[in-house]
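To keep things clear, I will list the structure first and then write my remarks on it.
We count ligands from 1, going down the list as the structure has it; atoms in each ligand are counted the same way.
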Amino acid sequence: MVIIIIRGMIRNVEKEIAMSKVLIIEDEENLAKFVARELQHEGYEIEVHDNGRVGLNAALESSWDAVLLDLMLPELNGLEVTRRIRQVKNTPIIMMTARDDVMDRVSGLDHGADDYIVKPFAIEELLARLRALLRRIDIEKDKSVAKQTTLEYRDLTIEKENRLVRRKGEVVDLTKREYELLLMLMENINTVLERERLLEKVWNYEDPTETNVVDVYIRYLRNKIDIPGEESYIQTVRGLGYVMRS
Ligand code: CA
């Protein structure tokens, strides 16, 4: 829960890596178990899925420091999983390919994977690549923090350059649309934004009959940013639209 906050403050690389969360999507049971065990032993927090579609959902639903992704998977292959993750997130991905096929590796990287490893691999090599990737990401994060524009609303913040939303310091995972909708609201505090205007700005829709899309996404957004039992940060203005009031 506190991983993200601590990661930003502690400079000791080993400590940071020790708390990283890694998602493993691999359908070869023995390999998945072996990698999972080794990673846990190194102090990583892990979750394993053996199916592309289920793994993709897990990748999108939570915040991960890295994803270890098999290429050939049931339901959704690794390339497709990568492509769909990349539509909304920059989570670092290491592709695990069974064949030492140049085309596989090239298309993996083309689809947005950050690195690849060819099976069978020595676990030390995987661990080294994972550490290198996490370090690289941390350096990039440090650079981007330096020129971060932060919008604040109570305990909710948006870091614009790295498109990161936090509530009470914890990262809230939003899809691209949800993010853009929230950004629009937070850039216009106390201004009622009509559904039509949101539709036009966030979705680029001209057709004002589609406004229920906005309501649906506001609901998704509330589910993610609000705390159950507390008043929503986003207020509905009947017949008009939505507003965040200070
Ligand atoms: Ca496989």
side-chain contact (heavy atoms from CB on, under 4.5 Å) filter on Glu61, not counting sequence neighbours, yields Asn57

Counting only N and O atoms by type, is there a donor-acceptor contact under 3.5 Å from the side chain of Asn77 to the main-chain atoms of Leu71? no

Would the distance check show the side chain of Asn212 and the main-chain N or O of Asp215 forming a donor-acceptor pair, the cut-off being under 3.5 Å? no

Atoms of type N, O or S from protein under 3.0 Å of the Ca ion (ligand 1), total 3

When the side chains of residues 176-183 are checked against the rest of the protein, which donor-acceptor pairs come out under 3.5 Å, sequence neighbours left out?
unit_1 : atom_1 : unit_2 : atom_2 : d
Arg177 : NH1    : Val202 : O      : 3.0
Glu178 : OE1    : Thr175 : N      : 2.9
Glu178 : OE1    : Thr175 : OG1    : 3.3
Glu178 : OE1    : Lys224 : NZ     : 2.8

Holding to side-chain hydrogen bond (donor to acceptor under 3.5 Å, both in side chains), I want the full list of residues that pass it with Lys201, two or more places apart in sequence or in another chain. none

Heavy-atom closest pair, residues Ser63 and Lys21: O-NZ, 3.2 Å

